[in-house]
Amino acid sequence: MFPSSDNAFSPSSLFSAYASLTGFLMLFRSMLHDFVPEQLRTYFSTLLDRFFTPKSKTLTVIIDENFGSNRNQVFDAAELYLRSKIGPETERLRVGKTPKQKHFTISIEKGEEIVDSFEDSEVKWSYVQSEKEKGEQVKRHYELTFEKKLREKVTSSYLTHVVAESEEIKRSLRVVKLYSKDLYVTEDDDGCAGGNWGCISLEHPSTFETLAMDPNAKKKIIDDLDRFLKRREFYKRVGKAWKRGYLLYGPPGTGKSSLIAAMANYLKFDVFDLELSSIYDNGELKRILLSTTNRSILVFEDIDCNAEVRDREADDDQESKNNNNGRVTLSGILNFIDGLWSSFGDERIIVFTTNHKERLDPALLRPGRMDMHINMSYCTGLGFRTLVSNYLGLDGLNHPLCEEIERLVDSTEVTPAELAEELMQDDDCDVVLRGVVSFVEKRKVERSKAKESVSICNDDDDDDDEKQSVCTNGMRNRKKQAGRRKRRGARNVNARTYLQVGM
C-alpha cells in the first residue's frame with residue numbers, strides 16, 4: 001500500500017494512502033455504532049475529554065437578584081458597589097434619576113464587564129440579564145469570576161468588603177429626614193416611620209466645618225459620635241442599650257439647633273422632633289417613641305419649658321393622687337430613656353436642649369441618660385474666625401481688624417447669632433468688620449454696667465432710695481436687652497463649647 005522507498009512519494013501514492021485510511025475509519029465508525037452500546041461510547045468520550053481538555057483555572061460565582069422569596073442582599077450591594085468602579089473602558093451604561101434624587105444613578109448595561117482588585121488579586125464582574133418572555137419577569141444576576149486559588153479570600157473577605165463598602169456608599173447618599181407629629185403624612189413620604197409621623201427632607205446646611213465652635217470641642221464631639229457608631233458589640237457585651245444621650249444647654253442664639261443639624265448630617269441619622277406639651281400621657285409618649293426608627297436622633301427642644309421635668313417628687317406625688325389625670329410625667333420620660341423600654345431599637349441618640357440647666361431634675365441629667373453635657377456658651381475668638389470665613393470668605397488672620405475683634409469677643413459675652421447678624425449688614429468687608437468692632441464694644445459696656453448694677457444690689461443692705469432705684473432700673477434694662485437679643489438671635493450658629501463626658 002505504501003511505497004518501499006522514502007523518496008518514492010508521489011501524488012498518486014499519497015491519494016491512494018488517504019483513500020485507504022478514510023475507508024478504514026468509516027468501517028471502524030460503522031462497527032462502533034453497530035456493536036458498542038451508546039452508554040459505553042459516551043463514557044469513553046467523556047474519559048477522553050478529561051485527558052485532552054485542559055482544566056479551567058477560574059471559578060464563577062452566580063449572584064442572583066433574589067434569594068428564595070427575598071431580595072438578595074449581596075446583589076443589591078454589588079449593584080451599588082460597582083457604580084463606583086466604572087472605568088473608562090466601559091462601553092455601555094444605564095443612566096436614570098427620580099424626581100427626589102439629587103444625582104444621576106449610573107449602572108452598567110448587560111454584557112458589560114468590570115475588573116476589580118482586592119489585596120493584590122483581580123476579580124471580574126459581569127452583568128447578565130435574560131430576555132423578557134411573555135408572562136415572565138426579566139431575570140438578572142451578576143457573575144463574579146476569579147482564580148480558583150482565591151476562593152477562600154473571595155467568599156470570606158472580598159464579598160464582606162463589597163457589602164461594607166455598599167453600606168458606606170448608601171449612608172453617604174442617604175437623604176436625612178426630619179420627622180414631626182405636626183406634619184401630615186402624604187403618599188410622597190417614602191420611608192417614613194410609623195405612628196402617623198410626617199416627614200420632610202432635612203436640608204439644613206449646618207456641618208461641623210461651619211459651626212462657630214472651639215476646634216477642640218468639635219473634635220471631642222466628633223470622636224464621641226464615631227466611638228458610639230463603632231461600639232455595637234461593646235454595648236452588647238457590657239449589657240447596655242445601644243444609645244447615647246446629649247444635653248445641650250446655654251443662652252439663646254448659641255447654636256444648639258445648628259449642632260443637632262450638624263450631628264444629623266454627619267451621621268446621616270433621621271431627626272425626630274418631639275413636643276412634650278402636645279402629648280397626652282405616658283402611654284401616648286411610649287407609643288410615639290416606639291414608632292421611631294433605628295439610626296435616628298430624638299430631639300426634645302427646650303425641655304425646661306415642660307414642668308414635668310422640674311420636680312420629680314412633686315411629679316410622683318401628683319401621679320399618685322390622680323392616676324387618671326392624663327399628662328406626661330418625669331417618671332414616664334425616665335423609664336423610656338433608661339428603663340426597660342430603652343432597649344428598643346439600635347443606634348439611637350437622644351438630645352435635650354435647654355436654656356436653663358439648673359431647672360432640670362438631677363435624675364434627668366445623670367450618666368446613662370444624658371451622657372455628654374455640652375455647654376453652648378458665648379462666642380470665642382476662634383469661633384468668630386469661623387464666622388468670618390463662612391460669611392465673608394476671609395481668613396481671619398489676613399485682615400487687620402479680625403485680631404482686634406477676636407480679643408474683644410474673648411473679653412465679653414456675645415452670641416454667635418448676634419455676630420452673624422452683624423456680618424450680614426453690608427457686602428463691603430471693611431464696613432462690616434468696623435461695624436462688628438462698634439457692636440462688640442457697645443455690648444461690652446452694657447455688660448459692665450449690668451454687672452455693676454447687680455453688684456450694688458447684692459452688696460447694699462440699706463433701704464437707700466437712690467440705690468434701690470439703680471437696682472430696679474438696672475434689672476428693667478437687662479430684661480429689655482434680653483428681650484431684644486432673643487428676638488434678634490438666630491439659632492443657626494454655634495458657640496464655644498464646654499464638655500462634660502459621662503460613662
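Worth saying up front: this structure is predicted, and the values here are computed from it rather than measured.
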State whether Glu403 and Arg407 are salt-bridged, where the test is any N-O pair (Lys NZ or Arg NE/NH1/NH2 against Asp/Glu carboxylate O) under 4.0 Å.
yes
Without swapping roles, check the side chain of Arg369 against the backbone of Ala363 for a donor-acceptor pair under 3.5 Å.
yes
Side-chain contact test, heavy atoms from C-beta onward, threshold under 4.5 Å: evaluate it for Glu112 versus Tyr127 and give yes or no.
no
Would you confirm whether Arg174, through its side chain, and Lys268, through its main-chain N or O, come within 3.5 Å as a donor-acceptor pair?
yes
Side-chain heavy atoms of Arg244 within contact of Leu225, under 4.5 Å
no
Has Arg447 got a side-chain atom pairing as donor or acceptor with Glu413's backbone, closer than 3.5 angstrom?
yes
Sequence-distant partners of Lys219, side-chain contact (heavy atoms from CB on, under 4.5 Å), two or more places apart:
Asp223
Set of side-chain contact (heavy atoms from CB on, under 4.5 Å) partners for Ser411, sequence neighbours left out:
Lys444
Is any NZ, NE, NH1 or NH2 atom of the basic residue among Lys181 and Glu275 found under 4.0 Å from an Asp or Glu carboxylate oxygen of the other?
no
Quick one: does Asp270's side chain get under 4.5 Å of Val176's, heavy atoms only?
yes
Main chain of Asp302, side chain of Thr353: is a donor-acceptor contact present, judged purely on distance under 3.5 Å?
yes
Mark yes when over 12 heavy atoms from residues, nucleotides or ligands other than Glu91 sit less than 6.0 Å from its CD; otherwise mark no.
no
Which heavy-atom pair separates Trp197 from Leu274 by the least distance, and what is that distance?
CH2-CG, 4.1 Å
Any salt bridge between Glu284 and Arg287, counting N to O under 4.0 Å?
no
As an exercise, state the distance from CD1 of Ile374 to CG of Leu247, rounded to the nearest 0.5 Å.
8.5 Å
Is any side-chain heavy atom of Asn335 closer than 4.5 Å to one of Lys286?
no
Is there a side-chain contact between Glu165 and Val162 in this structure, where contact means two heavy atoms from C-beta onward sitting under 4.5 Å apart?
no
Those residues at least two apart in sequence (or on a different chain) that pass salt bridge (charged side-chain N to carboxylate O under 4.0 Å, His left out) with Glu109 are Arg92, Arg94
Counting C-beta onward and ignoring hydrogens, is there a side-chain heavy-atom pair between Thr210 and Pro205 closer than 4.5 Å?
no
Return yes if some donor-acceptor pair links the side-chain N/O of Asp273 with the main-chain N/O of Ser180 below 3.5 Å, else return no.
no
Strictly below 4.0 Å, N to O, side chains only: are Arg140 and Glu79 in salt-bridge contact?
yes
For Leu387 and Cys379 the tightest heavy-atom approach is CD1-SG, 4.3 Å
Side-chain donor or acceptor of Lys240 paired with backbone N/O of Phe234 under 3.5 Å:
no
Under 30°, 30 to 60°, or over 60°: which ring-plane class applies to Tyr235 and Trp242, parallel, tilted or perpendicular?
tilted
Taking the side chain as every heavy atom from C-beta outward, state whether Phe384 and Val436 have any pair of such atoms under 4.5 Å apart.
yes
Evaluate the criterion side chain to side chain contact (heavy atoms under 4.5 Å, CB included) for residue pair Tyr158 and Asp116; output intermediate values, then yes/no.
CA-CA 10 Å; Tyr158 178 67; Asp116 190 23; 2.6 Å; yes
Interatomic spacing from CG in Leu423 to CG in Asn390 - rounded to 0.5 Å:
9.5 Å
Check: Ser206/Asn265 side-chain N/O donor and acceptor closer than 3.5 Å:
no
Quick check against the 3.5 Å criterion: does Gln425 have a side-chain atom that pairs as donor or acceptor with the backbone of Glu421?
yes
Going by side-chain contact (heavy atoms from CB on, under 4.5 Å), name the residues that satisfy it together with Glu441, two or more places apart in sequence or in a different chain.
Glu404, Leu408, Val437
Can you give me the closest heavy-atom contact between Val138 and Glu65, atom names plus distance?
O-OE1, 4.4 Å
Would you kindly say whether Asn355 and Lys256 are connected by a side-chain donor-acceptor distance under 3.5 Å?
yes
Could you check Met213 against Ile221 for side chain to side chain contact (heavy atoms under 4.5 Å, CB included), going step by step and ending with a plain yes or no?
CA-CA 11 Å; Met213 294 176 63; Ile221 297 174; 3.6 Å; yes
Roughly how far, to the nearest 0.5 Å, is CG of Leu276 from CD1 of Ile288?
9.0 Å
Value for NE2 (His141) from CD1 (Ile62), rounded to nearest 0.5 Å, stands at 4.5 Å
Counting N and O atoms only, with roles assigned by atom type, does the side chain of Ser438 sit under 3.5 Å from a partner on the main chain of Gly435, one being a donor and the other an acceptor?
no
Non-neighbouring partners of Asp64 that pass salt bridge (charged side-chain N to carboxylate O under 4.0 Å, His left out), sequence neighbours left out
none
With a 3.5 Å distance limit and no angle check, can you tell me whether Lys124 reaches the backbone of Glu143 through a side-chain donor-acceptor pair?
no
Heavy-atom check, side chain of Ile350 versus side chain of Met370, under 4.5 Å:
yes
How about NZ on Lys97, more than 12 heavy atoms from neighbouring residues, nucleotides or ligands closer than 6.0 Å, or not?
yes
Taking Lys449 first and then Glu446, would you say they form a salt bridge - that is, a charged N and a carboxylate O separated by under 4.0 Å?
no
Please report the C-alpha distance between Tyr266 and Asp226 in whole Å, then the side-chain angles of each, then the deciding distance to 0.1 Å, and finally whether the side chain to side chain contact (heavy atoms under 4.5 Å, CB included) criterion is met.
CA-CA 10 Å; Tyr266 180 76; Asp226 290 337; 2.7 Å; yes
Given Tyr249 and His373, is the side chain to side chain contact (heavy atoms under 4.5 Å, CB included) satisfied, shown in steps?
CA-CA 8 Å; Tyr249 65 97; His373 296 192; 4.0 Å; yes
In terms of relative ring orientation, are Tyr142 and Phe75 parallel, tilted or perpendicular, with 30° and 60° separating the classes?
tilted
Of all residues at least two apart in sequence or in a different chain, which pass the side-chain contact (heavy atoms from CB on, under 4.5 Å) check with Phe67?
Asn72
Show the nearest heavy-atom pair for residues Thr292 and Phe272, with the distance to one decimal.
CG2-CD2, 3.6 Å
I need the minimum non-hydrogen distance between Leu144 and Trp125, along with the two atoms involved.
CD1-CE2, 3.5 Å
CD1-NZ distance between Ile222 and Lys220, expressed to the nearest 0.5 angstrom
13.0 Å
Quiz question: by atom type and distance under 3.5 Å, do the side chains of Thr207 and Glu209 form a donor-acceptor pair?
yes
Minimal non-hydrogen separation, Glu406 against Gly381, with atom names
CG-O, 3.6 Å
Donor-acceptor pair, distance only, cut-off 3.5 Å: does the side chain of Ser166 make one with the backbone of Leu80?
no
Output the distance between atom OG (Ser117) and atom NZ (Lys85), rounded to the nearest 0.5 Å.
6.5 Å
